There are 2 protein chains.
Amino acid sequence: MATIKDVAKLAGVSIATVSNVLNGGRYVSPELRSAVLQAVRTLGYVPNGVAQSLRSRKTQTLGLIVPDITNPFFSGLVQALERSARDRGYQMLLCNSEENAELEFDLALALASRQVDGLIVIPTQDSPEYLRKLKADGLPVVLLDRIGGEDDLDRVGVDNFQAARVGTEFLIRQGHREILLLVSTLELSNIRDRAEGYRQALAAAGIPQDPQWVIECGKDAPSLEAVLEAIQHHRPTAIFASTNRLSLLAIQAIRRLKLGFPEEISLLGFDDFEWSTLLEPYLSAVVQPIEALGFQAAQILLDRLKGDTSPPKRVLLPCDLAVRQSVQRR
Amino acid sequence: MATIKDVAKLAGVSIATVSNVLNGGRYVSPELRSAVLQAVRTLGYVPNGVAQSLRSRKTQTLGLIVPDITNPFFSGLVQALERSARDRGYQMLLCNSEENAELEFDLALALASRQVDGLIVIPTQDSPEYLRKLKADGLPVVLLDRIGGEDDLDRVGVDNFQAARVGTEFLIRQGHREILLLVSTLELSNIRDRAEGYRQALAAAGIPQDPQWVIECGKDAPSLEAVLEAIQHHRPTAIFASTNRLSLLAIQAIRRLKLGFPEEISLLGFDDFEWSTLLEPYLSAVVQPIEALGFQAAQILLDRLKGDTSPPKRVLLPCDLAVRQSVQRR
DNA sequence: GTGAAAGCGCTAACAG
DNA sequence: CTGTTAGCGCTTTCAC
């Protein structure tokens, strides 16, 4: 690979001049400029980004840690993030934490050591301590989606409480009073918020509650068994699946039990995605603004890189309710 | 951020010694060693990966260009790739080409300029010329999934011809003779291979063919209209959707036309994915070994990085046929 | 067994 | 207007 020296020699100028025509640093006479450009072309010179980074102390790279790229919600976020980053001249180092807190920690350190300019994390647990430290060490961090804890970190997510409340109210308005809530794990505060929204909606409607109606199904490999059992035991008229994965599980359970769907049992999901059109009747769901989430997170981080030192931001986006066919009036 | 100099000063040794205890370069006496380790700990020293890269001419980073992370087939590939890379101490710069050849080219150059150690590309078009050049310049490249053209590049994909042939034969064995083939675009050789497998299966069964039965639906935003029209015009008893996206489209068309499914019309898909379980009857499909594809691609690339200079490899993995409910015997 | 110093490729401050 | 040079943080010779 040709270096800046090779170009300088071939063009008969100093390396400073090469650098200046390439980066528009200072004025260079037309003659030298074209000589340089010519040399660049004949050598196929491409600047060494690593050297640039070492020198400038900027890598133009963002680190991104995601629990599972395979989940359409996360892959949608990744897409939005990558696009925003690219538009602003940044590249993205993508890591998969596989819902493993320890791995997540190691990955974050590895990214920091690689000198990423900033970090976007969808954490495995609420507001991990180590991220505060990284931030204190000067690495801008923004938390995405899972934004629990009264953090001093920037974070963008959705108003889970409100979203779940609106969803539950919709179910209630459709005449449902026996509503099963499926959650992944109550260890995540955004899931707890959803549970709380559900509870408050019930309370406001004067519907008696029972913690037993909130079913914890597991974060990584949610169990069908739990859902089957809960349905058989409680005989709900509606299920509110608070996660896209859980909608899938609910469907499987409903089919397994050969319940009439949606006549006998209604289903309200969380998140909208291309493949949910495979389901018939078409899934009604609380939908998160995936693009906007990714975009906002990138925006905030990039602003920080530009020197924004305002106090930590907290962006809570609203969800929509997509009313389709899987919820039937009672 | 502390540098190696700070550590050396605090430990009262030279930077060479610090480097040596950290990288196990040469023997260091126990006393100095522990002094260094101590200093590292109190300073919270983390080596600067950029400097290491500049010096060692290795970034421990792989570039990955994918047409659409949002497609479960690709995101599955990304997951497998990332895992393999991570297991061997590599990180991944992920780029989304959005099915845009020009963007893909720019991204590849940007990655090369960032000195990635190797490149894995799922190209937008068959065997792009520029990749040969990058390889000639010393950048190991492996093509994944879309591996058309008689390349001198390493490539791993699936035996599309065979897979489509087996799928079509299955349909024929179930008594179907009027089989519509849905393809994204015949510009991709792997799709052409699928079409060819379909044709050969028909030919072998003595079923007359008509190029009109192969419907091109478009690569990025396949059109429902084309499918609707084709079904109405040809009245097939079965549809073979040669792409996961196309299965979705086929379903939508079948529903729109209110055809009995699978009694009136059968559907065979391509690719298996978690969310396809939403479909009832459950989709029968030709399934690609996603994990193995990703793993093999990473393997080959990493071997090249280790110095493997054998001639370009071509790995063709076989597909499976998942027989479920969406294809009905005639 | 350890330290000093060169140099990876680049940018920017300093000279002219 | 352009060239020379220091130095980013590290690894690795070369010297002792």
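Not measured: the values here are computed from a predicted model.
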- Which residue lies toward the 5' end of DNA chain C, B:Ser56 or B:Ser29, if each is placed at its nearest nucleotide? B:Ser29
[X] [atom1] to [N] [atom2]: how many Å, rounded?
X       : N      : atom1 : atom2 : answer
B:Leu54 : C:dC8  : CG    : P     : 9 Å
A:Met1  : C:dG9  : CE    : P     : 11 Å
A:Lys5  : C:dA6  : NZ    : C1'   : 11 Å
A:Arg26 : C:dA13 : CZ    : P     : 10 Å
B:Asn20 : C:dG1  : CG    : P     : 12 Å

Give [X] one of three labels, base, sugar-phosphate or nothing, depending on what nucleic acid heavy atoms sit under 4.0 Å from its own.
X       : answer
A:Val50 : nothing
A:Thr3  : sugar-phosphate
A:Asn23 : sugar-phosphate

- Message: Pair B:Arg88, B:Gln299 - check side-chain contact (heavy atoms from CB on, under 4.5 Å), show working.
- Response: CA-CA 10 Å; B:Arg88 304 250 225 136; B:Gln299 182 79 9; 3.4 Å; yes
- Task: Using a cut-off of strictly less than 4.0 Å between a heavy atom of the residue and any atom of DNA chain D, enumerate the qualifying residues of residues 107-116 of chain B by number.
- Result: none
- Please list, by residue number, the residues of residues 32-45 of chain A whose heavy atoms come closer than 4.0 Å to an atom of DNA chain D; answer none if no residue qualifies. A:Leu32
Please report the shortest heavy-atom distance between [X] and [Y], naming the atom on each side.
X        : Y        : answer
B:Val50  : A:Arg114 : CG2-O, 3.8 Å
A:Asp126 : A:Glu187 : OD2-O, 3.4 Å
A:Ala8   : A:Ser14  : CB-C, 3.8 Å
B:Lys135 : B:Asp152 : NZ-O, 2.8 Å

Can you tell me if [X] has over 12 outside heavy atoms packed within less than 6.0 Å of its [atom1]?
X        : atom1 : value
B:Glu98  : CD    : yes
A:Glu129 : CD    : yes
A:Lys9   : NZ    : no
A:Gln38  : CD    : yes

- Residues which pass salt bridge (Lys or Arg N to Asp or Glu O under 4.0 Å) with B:Asp117, listed by chain and number, not counting sequence neighbours: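 In terms of salt bridge (Lys or Arg N to Asp or Glu O under 4.0 Å), with neighbours along the sequence ignored, B:Asp117 is linked to no residue.
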- Should A:Leu94 and B:Val78 be marked as a side-chain contact (heavy atoms from CB on, under 4.5 Å) after you check the CA-CA gap, both sets of side-chain angles, and the distance that decides it? CA-CA 10 Å; A:Leu94 175 71; B:Val78 172; 4.0 Å; yes
- For residues A:Gln115 and A:Thr59, is any side-chain donor paired with an opposing acceptor at under 3.5 Å?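 Side-chain D/A pair, A:Gln115 to A:Thr59: absent.
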- Could you tell me whether the side chains of B:Gln91 and B:Thr61 share a donor-acceptor contact shorter than 3.5 Å? no
- Item | Residues that B:Tyr45 engages under ring-ring contact (aromatic ring centres under 6.0 Å, His included), provided they are two or more places apart | none
- Task: Using the heavy-atom set of chain A and a strict 4.0 Å cut-off, write down the first and last nucleotide of DNA chain D that makes it in, 5' to 3'.
- Result: D:dC1 to D:dG9
- The correct set of residues in residues 10-19 of chain A placing a heavy atom under 4.0 Å from DNA chain C is A:Ile15, A:Ala16, A:Ser19
